[in-house]
Structures are given as C-alpha cells and as structure tokens.
Amino acid sequence: MKCANLAVLLVFLQNAIALHNVTTPLPTLVEYLTEPQATLNKPQFMTEPFANVTGSLNENGVCQCSVYLPDTTFPVQKVEMLEITAQVLSEKFEIELTKVSQYTKAIEIYEQKIRNLTIKVEHMESTTVSYTKLDFQLLKLEINEMERLVTQLKSTLVGSNVIVEQLYVEIRNLTLMVNDLESLDKTNILAIRREIVTLQNRLKECEKERNQTTPPPYFPPGSCGHGGIVNISQPYIVQLNWRGFSFKYGAWGRDYSLQTPEKDLYWVAPLNTEGRVLEYYRLHDSYDDLLLFKNARDKRITYGEGSGTAVYNNFMYYNIYNSRDMGKLDLNTNTLTVRKTLPNAAYGNRFSYAGVRWQDMDFAVDESGLWVIYSTEESTGNIVISKLNETTLDVLHTWKTRQYKPSVSNTFIICGVLYATRPLNTREEEIFYTYDTNTKQEGKINIIMDKMLETVQSINYNPSDHILYVYNNGYLVKYNLIFQPVLH
C-alpha cells in the first residue's frame, strides 16, 4: 500500500516538474547570430525535466528514491555585461556620426572657398589689369588659412579620407598657381617703376621749395588779423638773470603800451632763492642795456609772491604776498598805487602750475589789455580767466574753463585766446590747449617748444614784437611766434 502511494506521489511529482520547472537555457550570442532563420522560429533546447532512477526500501519499509532536476541558474552577470557593451558601442557610434556630419559641413565650406579663389585666379589670368603685391599677399593668406584648416581636419580623421586628401591637393595646386602669377606680373613691376619716378619728381619739388625760403607773414604791432599761433621759433638765450644761477624762479619781459608800442623798457624780476618772495626787480631802457648790464635801475618792493608778474603801460602787476590781493606798482616812483582783492581766488600755493610753486595768480598782457589767470575753490582747480580794468583792477568779465590748472606748466594770452603749455620731457614743452574768450570755445593744438632747462617758471607775451619772454631756470629766453594768416 505504501509503495502504491509512493508511486502515485511520484507520478504527481513528475507532472508538476514537467509543467512548472521546465528550464529553457538561453542560446549564446554566437549561436543566435549563426543559427538559420528557420531554426530560430522553432522551439529550442527541449531538455528532459528529470531522469529515471531505481528506488529502494529502508529498514522501516519506506520507499526511497533520488530525483535529478535540471540546472535552472539564469546567467544574469553575462546579460549585464552584454548590455554595458551594447551601450558603449552605441555612444561611440553617435560620436563618430556627429564627427562625420561636422566634417561634411566643413568640407562644403572649404569647397566653396576654393571655388571663389579659383574664380579670382582665373580672372587675374584672363585680364591685363595690373595687380599690386598686396593682391597676391591677400590670396596667399586665404590659401594658407584653408591649408591649415584642412591639415587640422586630416589629423582628426582616423584612417584615410579620399575627399579630404583631394581637397588638400587642390589647395596646394592653387598655391603654386598664385606663385606663378606673381612671378609673371611684369605690368606690376612697370607700375612700381612709374610710382618711383613720380616720387622722385615730388622730392625734387620739395627740395626746390625748401631752398626758396619764404618769410612768415607780417602782422603790425597790436594786430589781431591772424588765425592764431601756427609755429614757434627755436629758443634764443639772452643771458642769465642779474642775480645769478641760484635765483631759478622769476619773470621777465618787455613793457607794452597801447600809446607807445615802440617804447623799449625791459624788466627782470627774479624771486628770492626760496622761490616764493618777489623783493627785487631791475629795469633797462633798451635791449642793448639789458645785454651789457648797463644803466640798470634796481628796485625793491615789500612784498610780492610768485612768478606771475607782468608789466603793462609802465606799471607792474603782481600778487601781494600771502593774500588774494592784486597789486599795481608805478615803475616811475616804485610805489604801490592800487591794491585790490581778486574775488574767490585761491591762494597760498593752493592751485599753482605744475612744477612751479606759489604762482596762484598769473597776470598776462595782450593786444586788448590786462588779464589775470587763477583758480577758485568753486572751480575745483580749473583755470579761471578774468579781464581786468588796468586802472582800478576791477574784474570786468570772467570765463571758466575745464582745464585743470595744476596740470599745465604755464599760460599766456594772445588776442583774447588763452594758450596753455605742459612739459613733454626735460628738453621739450608743448603748447597743447586753447580757450577763446571771444567764442567761449576750447581747443587742442600741438606746438613744440624746445627749452634749455627742465622747468619753465613764467611766460610773458608782448604784442609789440610778438615775442614770448620765458624765464627758464634762471635764464632769460626769447621765442618768436609765427601766426597763421586768416583765410578769406
């Protein structure tokens, strides 16, 4: 009975295994790819679910038997490796496909450039127009650029690419063609020779004009019928100031009078050695007396400040020491006749010129009379110009510029136009800025002044002779001005 039950159980177990535990091993990738399509459509790998065995009874009469089931382990690791390999191959394929697309576009661009260059070269071959060396150089630059790009493209390709190789050969042929054209450009050589002849003729004309020196246009004393300064002469060194080399700061010039513009009165006013106090000055009644130190009249005042002194119509105008007051000194009697405060003027070395201390006020004379150049706190150091009544020192009119006073080395006024200078180096000064009080217009010019020594302490203009009288580190120096004629 027990054996009969065991047989029934065995049959049931057999059917269960056959229905539920059938294992179908996966074919390998090689077998799958090499198997014929007909074989792939029919069931694969039908294995026996178990093996027949012989049972036995133990000592208790229980039937025992062994059942051999098939290997049901699924190769998960192999499938994962297969998926990773497939993903890597897919990414590499996408990258290579992108490169091919880029190379295709680049090749199309290069092909178009070659067509354009070919058209240019063919046009040069078919015409007789004279081309300059620059034309050939431009062609060479374009070809070299394409050659460089194609070489770079070749280096990025793995293996050989017929299209790129052909493109490279065509560019090299184009280079040789352009070189041949350039070597055969006889007409261009003739054009250069004609240009050389033209230049030689122009050079001869310039030499002829240089030999025929024309004197600068003449303008009578006190005249403003010109278009402003156009040039300046080389410096003419008159002499060292009468007090010696240690008196580096000061001013000098020639008196100007509207009534007697031909009158000669030369004055020299060196400051004391500290470069601030004006105490002594000297007068000469002629230029010869100045040169020979003859018939000098030495005077003493108490006290002026800075080297902004000017002389007009036999009166000396200067900044009174340690104040914003202006002084008017009668040269005949050496007495201070007028003392007047200049409204809002900065003083005490507040906004002096570059490289020159204590020149807070700079008096100037032009064809129309007396001026003063200074700065105020309100102008934040920019140059302010005031026209003065030379009799009372009242301010008649004021102009405010946008030029910072401490950035210029000195100023002077001609026909109502302010000119400002600045140092370029130890041997050159530049007249670089103008302000026209007639039109209220600022301007930029470039006129180079050679100088003997580094610092220009003062500049005084005289309308009688159109000369700048410059005090340069203790030396008295003159410059002739050249004016531009007015074009009608």
Side-chain angles (χ1 to χ4, degrees), residues 206 210 213-217 226-241 245-254 268-271 275 306-310 351-359 362-366 373 375 381-383 385 401-415 417-436 442-463 465-484:
C206 290
R210 186 186 64 180
T213 56
T214 40
H226 53 75
I229 301 175
V230 71
N231 208 347
I232 192 169
S233 71
Q234 290 296 308
Y236 177 75
I237 301 171
V238 178
Q239 59 185 215
L240 184 65
N241 78 89
F245 186 74
S246 299
F247 296 84
K248 296 181 180 295
Y249 291 83
W252 82 292
R254 179 187 175 191
V268 183
L271 304 182
S307 52
T309 308
F351 296 113
S352 188
Y353 291 130
V356 183
R357 297 174 297 164
W358 306 108
Q359 200 165 343
D362 185 15
F363 291 89
V365 176
D366 78 339
I373 302 153
S375 291
N382 289 347
I383 292 176
I385 309 167
T401 75
R402 292 183 296 179
Q403 179 62 49
Y404 190 54
K405 187 168 180 278
S407 69
V408 307
S409 56
N410 233 277
T411 59
F412 56 94
I413 295 179
I414 300 176
C415 294
V417 179
L418 173 84
Y419 293 87
T421 64
R422 64 183 173 190
L424 295 180
N425 49 57
T426 57
R427 288 293 179 266
E428 288 182 328
E429 202 87 359
E430 179 190 26
I431 305 174
F432 76 102
Y433 172 83
T434 63
Y435 183 88
D436 192 341
E442 294 179 298
K444 298 293 183 181
I445 59 174
N446 174 245
I447 299 175
I448 304 301
M449 293 175 56
D450 293 331
K451 55 187 177 181
M452 178 181 176
L453 295 172
E454 183 173 359
T455 306
V456 172
Q457 282 79 12
S458 69
I459 301 176
N460 279 288
Y461 168 70
N462 189 282
D465 49 21
H466 306 302
I467 289 176
L468 293 183
Y469 294 86
V470 178
Y471 199 97
N472 184 194
N473 278 76
Y475 285 88
L476 314 183
V477 185
K478 295 196 309 180
Y479 294 85
N480 291 314
L481 294 175
I482 301 172
F483 297 108
Q484 178 178 343

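Only this structure's heavy atoms are used, side chains among them; waters, hydrogens and symmetry mates stay out.
Counting only distance, with no hydrogens or angles, the side chain of Arg422 and the backbone of Glu429 share no donor-acceptor pair below 3.5 Å.
Proximity of Asn410 to Val470: side-chain heavy atoms (C-beta onward) are nowhere separated by under 4.5 Å. Ile447 is listed as a side-chain neighbour of Ile229, based on a closest heavy-atom distance under 4.5 Å. Between Thr421 and Tyr353, every side-chain heavy-atom pair lies at or beyond the 4.5 Å cut-off. Inter-residue side-chain proximity for Val268 and Gln239 is flagged as unmet; no heavy-atom pair is nearer than 4.5 Å. Under the 4.5 Å side-chain criterion, counting only non-hydrogen atoms from C-beta, Leu476 is in contact with Asn241. Contact annotation: the side chain of Tyr469 never approaches that of Val238 to less than 4.5 Å [non-hydrogen atoms, C-beta and beyond]. Between Leu481 and Leu468 the shortest side-chain heavy-atom distance falls below 4.5 Å. The closest side-chain heavy-atom distance from Arg254 to Asp465 is below 4.5 Å.
Counting only N and O atoms by type, the side chains of Glu454 and Asn473 include no donor and acceptor under 3.5 Å apart. Counting only N and O atoms by type, the side chains of Tyr433 and Thr411 include no donor and acceptor under 3.5 Å apart.
Not counting sequence neighbours, Tyr435 has no partner by the ring-ring contact (aromatic ring centres under 6.0 Å, His included) test. With sequence neighbours left out, the side-chain contact (heavy atoms from CB on, under 4.5 Å) criterion links Glu428 to Leu424, Asn425, Ile448, Asp450. Residues forming a salt bridge (Lys or Arg N to Asp or Glu O under 4.0 Å) with Asp436 (at least two apart in sequence, or on another chain): none. Applying the ring-ring contact (aromatic ring centres under 6.0 Å, His included) criterion to His466, with sequence neighbours excluded, gives Phe483. With sequence neighbours excluded, no residue forms a ring-ring contact (aromatic ring centres under 6.0 Å, His included) with Trp358.
Nearest heavy atoms, Thr426 versus Lys451: O-CE, 3.6 Å.
In this structure, the ring of Trp252 has its center no less than 6.0 angstrom from the ring center of Tyr471.
Gln359 pairs in a side chain to side chain donor-acceptor pair (under 3.5 Å) with only one of the listed residues (Ser307, Ser352, Ser458), which is Ser307.
The list of salt bridge (Lys or Arg N to Asp or Glu O under 4.0 Å) pairs with a residue in residues 402-414, not counting sequence neighbours, reads Arg402-Glu442.
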